[in-house]
Number of protein chains: 2
Amino acid sequence: MNEDWRTLTDVDKLIHEPSRLMILTILVSVEKADFVYLQRETGLTRGNLSVHLTKLSEAGYIDIQKTFNGKVPQTICQITDTGKQAFLRYREYLKSVVEKISTSG
Amino acid sequence: MNEDWRTLTDVDKLIHEPSRLMILTILVSVEKADFVYLQRETGLTRGNLSVHLTKLSEAGYIDIQKTFNGKVPQTICQITDTGKQAFLRYREYLKSVVEKISTSG
DNA sequence: ATAAACATGTTTGTGTTGTAAACTTGTTTT
DNA sequence: AAAACAAGTTTACAACACAAACATGTTTAT
């Protein structure tokens, strides 16, 4: 019955990267967060956070608004519907993986 | 309550690659498999399978014995204790991830 | 016998990735 | 004015995943 290993590779690679899963997980729960907050929360370097956010944005998973908080530039991130769906899909994927690999070992 | 998202990045990257998780999952359940069997089962190309097996072997997660089946070369793979432990650890990791991201969305 | 096809892997080439370091632009402090 | 700080972005680079090409040998057709 368990011969269905192949679907393990059926994964959203963008979210499969833990740093980005972390970002999306935060954005799913708060619905809005700025760059500084995300950096503190994730512990990522600014460079990496920047790259990951750009990637998520290009995929349409998040929206990025650039504004100013007084004179200080501010980058505000918000998950999109597409992003939320992708997140939920990935969560289901993970659950199915856990089940699949739990019959062994 | 603030979850510790940061532990999401605490992952065995070698196993986090779905192709290799697939290979390990098979090897955990059968305890011994040759190259051809693995290729059929995983659907990977021979080239990729070769590279992944080498990588798993270099990490000490599997043992590879090269023999002959009659005149035909045969590569037999077997998971090691280290590999099995890593697999089980990864499984626990995945479970914890599912829990962590399930309180949101 | 000799060429063609097959079998089992490995190596090479290529485009992508994740990460830290260096950089940019502007603001605040000294 | 200079130095330090803040918020991001860009660059440099080693590692990666993958498929195509290669290598080595065996079997089948002619």
Side-chain angles (χ1 to χ4, degrees), chain A residues 5-27 32-59 61-78 90, chain B residues 5-27 32-59 61-78 90:
Chain A
W5 318 118
R6 294 185 190 215
T7 64
L8 287 185
T9 59
D10 235 3
V11 58
D12 185 336
K13 289 238 173 195
L14 200 75
I15 305 188
H16 198 53
E17 172 61 32
S19 296
R20 283 189 298 256
L21 175 58
M22 183 160 51
I23 294 170
L24 278 192
T25 302
I26 293 172
L27 289 181
K32 212 161 201 184
D34 67 8
F35 191 96
V36 174
Y37 173 79
L38 285 175
Q39 205 225 317
R40 259 205 326 270
E41 204 73 4
T42 61
L44 296 170
T45 63
R46 292 194 301 280
N48 290 339
L49 181 55
S50 176
V51 173
H52 287 314
L53 289 180
T54 300
K55 221 157 266 194
L56 288 169
S57 168
E58 281 169 355
Y61 286 4
I62 66 173
D63 276 336
I64 298 182
Q65 306 167 36
K66 276 160 187 317
T67 83
F68 281 87
N69 181 14
K71 297 174 174 180
V72 177
Q74 194 176 30
T75 299
I76 296 180
C77 307
Q78 189 165 8
Y90 182 76
Chain B
W5 318 117
R6 294 185 190 214
T7 65
L8 287 185
T9 59
D10 234 4
V11 57
D12 185 337
K13 289 238 173 195
L14 200 75
I15 306 187
H16 198 54
E17 171 60 34
S19 296
R20 285 189 297 257
L21 175 58
M22 183 160 52
I23 293 170
L24 279 192
T25 302
I26 293 172
L27 289 181
K32 213 162 199 182
D34 67 9
F35 191 96
V36 174
Y37 173 79
L38 285 176
Q39 206 225 317
R40 259 206 325 272
E41 204 72 5
T42 61
L44 296 170
T45 63
R46 293 194 301 281
N48 290 339
L49 180 55
S50 176
V51 172
H52 287 314
L53 290 180
T54 300
K55 221 156 266 195
L56 288 169
S57 168
E58 281 168 354
Y61 286 4
I62 66 172
D63 277 336
I64 297 181
Q65 306 167 37
K66 277 160 187 313
T67 83
F68 281 87
N69 180 13
K71 297 174 174 183
V72 177
Q74 194 177 30
T75 298
I76 296 179
C77 306
Q78 190 165 9
Y90 182 76

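All figures in this text were calculated on a predicted structure; none of them were measured in a lab. The chains referred to below are lettered A, B, ... by the order of the sequence lines, with proteins before strands, and numbering in each begins at 1.
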Item to check | Whole-Å gap separating C1' (C/dG9) and CG (B/Leu49) | outcome: 9 Å
N/O to N/O distances under 3.5 Å, protein versus nucleotides 27-30 of chain C:
none

Checklist entry - Can a side chain N or O of B/Ser50 be found less than 4.0 Å away from OP1 or OP2 on C/dT10? => result yes
Checklist entry - Among all residues two or more places apart in sequence or in another chain, which pass the salt bridge (charged side-chain N to carboxylate O under 4.0 Å, His left out) test with A/Lys13? => result B/Glu17
Item to check | Side chain proximity check, B/Tyr90 to B/Leu24, heavy atoms < 4.5 angstrom | outcome: no
Checklist entry - What's the NZ-C1' distance between B/Lys66 and C/dG9, to the nearest Å? => result 7 Å
Checklist entry - How many Å lie between CG on A/Asn69 and C1' on D/dG8, as a whole number? => result 15 Å
Checklist entry - Expressed in angstrom and rounded to an integer, what is the separation of A/Phe68 atom CZ from D/dA6 atom C1'? => result 12 Å
Checklist outcome for this item: Whole-Å distance, B/Gln39 CD to C/dT10 C1', equals 13 Å
Next on the checklist: Just so I know, are the side chains of B/Asp12 and B/His16 near enough to count as touching, which here means a heavy-atom distance under 4.5 Å?
Outcome noted: no
Next on the checklist: Let me test you: for the helix from C/dA1-D/dT30 to C/dT30-D/dA1, what is the angle between the axes at its two ends (five pairs each), rounded to 10 degrees?
Outcome noted: 20°
Checklist outcome for this item: Note: B/Leu8 and A/Met22 closest approach over all heavy atoms is CD1-CA, 3.7 Å
Checklist entry - Do the non-hydrogen side-chain atoms of B/Ile23 and B/Leu49 ever get within less than 4.5 Å of each other? => result yes
Checklist entry - Partners of A/Gln74 by side-chain contact (heavy atoms from CB on, under 4.5 Å), sequence neighbours excluded? => result A/Asp34, A/Thr67, A/Asn69, A/Ile76
Next on the checklist: Rounded to whole Å, please give me the gap between CD1 in A/Ile23 and P in D/dG8.
Outcome noted: 13 Å
Checklist entry - Got B/Tyr61 and B/Lys55 here, is their nearest side-chain heavy-atom distance under 4.5 Å? => result no
Item to check | Residue met sooner reading DNA chain D from 5', once A/Thr9 and A/Gln74 are mapped to nucleotides | outcome: A/Gln74
Checklist entry - Once each nucleotide of nucleotides 12-21 of chain C is scored for protein heavy atoms under 4.0 Å, what B/S/- sequence comes out, 5' to 3'? => result ------SBBB
Next on the checklist: With a 4.5 Å cut-off on side-chain heavy atoms, are A/Asn48 and A/Ser19 touching?
Outcome noted: no
Checklist entry - What integer distance in Å separates B/Asp34:CG from C/dA7:P? => result 14 Å
Checklist entry - Base, sugar-phosphate alone, or nothing: which one does A/Thr75 contact when heavy atoms must sit under 4.0 Å apart? => result sugar-phosphate
Item to check | Rounded distance (nearest 0.5 Å) linking atom CG of A/Leu44 with atom CZ of A/Arg20 | outcome: 10.5 Å
Item to check | Those residues that, when tested against B/Thr42, pass side chain to side chain donor-acceptor pair (under 3.5 Å) (two or more places apart) | outcome: none
Item to check | Check: B/Asp10/B/Thr7 side-chain N/O donor and acceptor closer than 3.5 Å | outcome: no
Item to check | Nearest-angstrom distance from the residue atom CG of A/Leu38 to P of D/dA6 | outcome: 18 Å
